[in-house]
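Chain letters run A, B, ... following the sequence lines, proteins first and then strands; every chain starts at 1. As a basis for the values below, the full set of heavy atoms in this structure was taken, side chains included, without hydrogen atoms, waters or symmetry mates.
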There are 4 protein chains.
Amino acid sequence: MAGVLSDGATERRARRMGYRRRGILDAAARVFADVGYERATLEGIGEAVGLSKTSLYYYVRSKEDLLARLLTEVTDEIGRQAAAGLPVDAPAGERLWAFVRAHVRVVCTTPAGRVLARNQDVVLGEASSRMMREARRRHERLLRSILAQGIGDGVFRPIDVRVGSSLILGALNVAGRWDSPEGAVAADRIAEELFTMVVGGIAAHPGEAAATGTGAADAQ
Amino acid sequence: MAGVLSDGATERRARRMGYRRRGILDAAARVFADVGYERATLEGIGEAVGLSKTSLYYYVRSKEDLLARLLTEVTDEIGRQAAAGLPVDAPAGERLWAFVRAHVRVVCTTPAGRVLARNQDVVLGEASSRMMREARRRHERLLRSILAQGIGDGVFRPIDVRVGSSLILGALNVAGRWDSPEGAVAADRIAEELFTMVVGGIAAHPGEAAATGTGAADAQ
Amino acid sequence: MAGVLSDGATERRARRMGYRRRGILDAAARVFADVGYERATLEGIGEAVGLSKTSLYYYVRSKEDLLARLLTEVTDEIGRQAAAGLPVDAPAGERLWAFVRAHVRVVCTTPAGRVLARNQDVVLGEASSRMMREARRRHERLLRSILAQGIGDGVFRPIDVRVGSSLILGALNVAGRWDSPEGAVAADRIAEELFTMVVGGIAAHPGEAAATGTGAADAQ
Amino acid sequence: MAGVLSDGATERRARRMGYRRRGILDAAARVFADVGYERATLEGIGEAVGLSKTSLYYYVRSKEDLLARLLTEVTDEIGRQAAAGLPVDAPAGERLWAFVRAHVRVVCTTPAGRVLARNQDVVLGEASSRMMREARRRHERLLRSILAQGIGDGVFRPIDVRVGSSLILGALNVAGRWDSPEGAVAADRIAEELFTMVVGGIAAHPGEAAATGTGAADAQ
DNA sequence: CATGAATGAGTATTCATTCAT
DNA sequence: TATGAATGAATACTCATTCAT
């Protein structure tokens, strides 16, 4: 894959670079999760990796870049986990469950996940902004495709997928704001609860409740 | 008790003070909604009201105070609207619909509402923090009481009300992040969609879908 | 003394003005003594008299003016007390004792006195600066005249009166920095100690000690 | 221990850091001496060293810190000079003379000394406050030990050493408020005058004068 | 790779002071 | 007399970022 000559050295350096970058990203995630993006300082992050704040610039373009990379990475990681181990033609219900579980798990158990769940609204510059927006779009597209499939298959009601996907993401992200439960098991229980509500709603007798809602709307 | 004459003057003055404070709060809401709390500057807010930044301090204790007041106010306003025009013994379904509609409407159509929907995670000092926390608690308590009533009446499934209320709020707040639709009508349509999903879920045949979810969980 | 016509009203007003001014000066003294001139705020002083900070400007030109008047007043008051009850031709020793006692008493037992003792070095504007400087000069002139008289009468050694007066004032002012002893009696005991040292020095056998000092000076 | 080569570089760097800090402290001393601590601005100090005001923060924690370090340093320097060249068992008279000369010299001829003499009453935060308090305590303890020794040896009268040390310090500090005489010689002459008065008092015939004082006290 | 040194731009906050009423 | 309202000027301190080494 790599060039023949500078191969060994380059790769080694790249990997070292990767290790460092990893450490930096992780440290940033922890700090961001702790005090929030705006209140976090590069010095603090540097301290957390054992590097001077200036050295950070060797690996990362800017503070915004740091956040953008972090969120992009974790977002895509969720997507990967959501698809892992599922046949391409898995039914929508199963795919949705996998998505929910992956999202909740990451959002509950990792610093980066908490950062993702909480920093939906930071205002960034053009470059970083685009990077993040695209990752988010990928994520939503995945969820929407699941919803669309379910609707096509007749297992989901014909809802507006854009509204639906937003609602679901908003609902799942609340988990990232709770005192993070330790371990995947606890996270999975939360995921189940959220999944059940999202899929089945809260009504005991869905048809009637929906009617009630409409009735109230009409009654206004 | 007060003299007939000075009464008018006094009242006028008090109202002027009110007007000013109102104007400041509103301007702050607009600015916060535009650029986010952290990037907003007191100078910018001052400009938006036509007051020097230092004059702001005549009406407000600090930037944090500004946000806390704003969010407290708008949160309580939603609660008021959610209860308006409903008999005390209204059925849970109707009450939930009123809550959803009020929340979405405010969150979609007012700057302060957008600020509320987006700034769930700002870190504030003790005083402001408490003020906001309490408002939020009041709001959640209202929603929880609705859920509890519905469960008691058998119209809602016996879900965990804490999880449920968080999920619902998270879901509703996403509306505050969309390019705000103009007018209460559009907001109400969104509210209806969200309400329908929250109540009825997205499954075409709830029982089965839920079963699917559980099945997926077992299958993992 | 006052004009025949507007007499009653004017005088009443002047006296009212006087009362207010008094209250303001006293409050300012207390506040200055508590937190220091620079950290004191007009608002705080206003509060201490039960007046809005703006109202202060009716009685006083500025914050600096407040300090200048205060210190001028208290300085002259010490001078008055130092001369009170003494025949014009009193011996220098007695006059010095009266001076020391008056100074220490005021400096120990009154807020304004403490302000005087501690705020020797505030930098003020031209007008206020001159007012204070003159009061201080009057005070020093009094002390110097006492020293000169004593030297002329042969009861004090032929010291440099300028150095001597400064030294004495510096020595006396330290008392204003101690936790102020309540009551004139305690203050008088302090005054006696300081007076004794100033007059008699600390040497057991003055002549020899002075020789020692000179010797050390020579030895360097 | 360190490599031969990097040693030089390291040391040079460390010294540069020292130089900078030194320069900053000195500049601050000059500015504080000129306009007083409260009216001094970080920007002004920065200008005086040829550094931007923000760069100051690379070397110093805060404005208070700057003052505290400065006064601590100069206070200890006086102590050092007061002890220099004296045998440990030097007589109290000589030690006192050395103390007085050192104090007056520094206070008259150095900016930091003038700052010390004049800023006895600035109100600082906890950390800086403690640092300064301790330096002052060390200084007073030295003076008190001299007084105690002298009293024990019978060369000083049995005065209250706490009162005595305060009085002396107050008396010596006045020299820091005069237009500073250039050169150590002038300062030493002032020191001699002050020393003479402190030790021998101002009375021509100490015993009688003291009696006069007491007499005045009795007569009141 | 790593960092020490330096800085510019930004920002909340304080406070004496003015002025119309 | 008294004050509510408004402001200008000042100021300490923060932090991301650059650059030479």
Rounded distance in Å - [atom1] ([X]) to [atom2] ([N]):
X: Y59(A); N: dA2(E); atom1: OH; atom2: C1'; answer: 8 Å
X: R21(B); N: dA6(F); atom1: CZ; atom2: P; answer: 12 Å
X: E47(B); N: dG8(F); atom1: CD; atom2: P; answer: 12 Å

* Any donor-acceptor pair under 3.5 Å from R20(A) side chain to Y59(A) backbone ->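 Such a contact is absent between R20(A) side chain and Y59(A) backbone.
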
* Could you tell me whether D65(B) and R69(B) make a salt bridge, using a distance below 4.0 angstrom between a side-chain N and a carboxylate O? =>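 Yes, charged N to carboxylate O under 4.0 Å.
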
* Could R22(C) and D26(C) be called an ion pair, given the rule that one side-chain N must be under 4.0 Å from one carboxylate O? ->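 D26(C) and R22(C): salt-bridged.
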
Please confirm whether the shortest side-chain N or O distance from [X] to OP1 or OP2 of [N] is below 4.0 Å.
X: R39(B); N: dT11(E); answer: no
X: S55(A); N: dA2(E); answer: no
X: Y58(D); N: dT7(E); answer: no

* Crowded around R61(C) CZ? As in, over 12 foreign heavy atoms under 6.0 Å? ->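 For R61(C), atom CZ is not crowded (no more than 12 foreign heavy atoms under 6.0 Å).
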
* Cation-pi between K63(C) and F32(C): NZ/CZ under 6.0 Å from ring centre and within 45° of the ring axis? ->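 Checked: cation-pi criterion not met.
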
* Watson-Crick or G-U wobble partner for dG4(E), using a 3.5 Å limit on both distances? ->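 For dG4(E), the partner nucleotide comes out as dC19(F), under the 3.5 Å rule.
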
* **Complementary nucleotide for dA12(E) - Watson-Crick or wobble, under 3.5 Å** =>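 Checking every strand shown, dA12(E) finds its partner in dT11(F), with both distances under 3.5 Å.
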
* Less than 4.5 Å apart, any side-chain heavy atom of L56(C) and any of L51(C)? ->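 Touching, per the 4.5 Å side-chain cut-off.
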
* Structure fact -> Quick tally for nucleotides 16-21 of chain F: nucleotides whose base has a protein heavy atom under 4.0 Å get B, sugar-phosphate-only ones S, the rest -, giving SBBB--

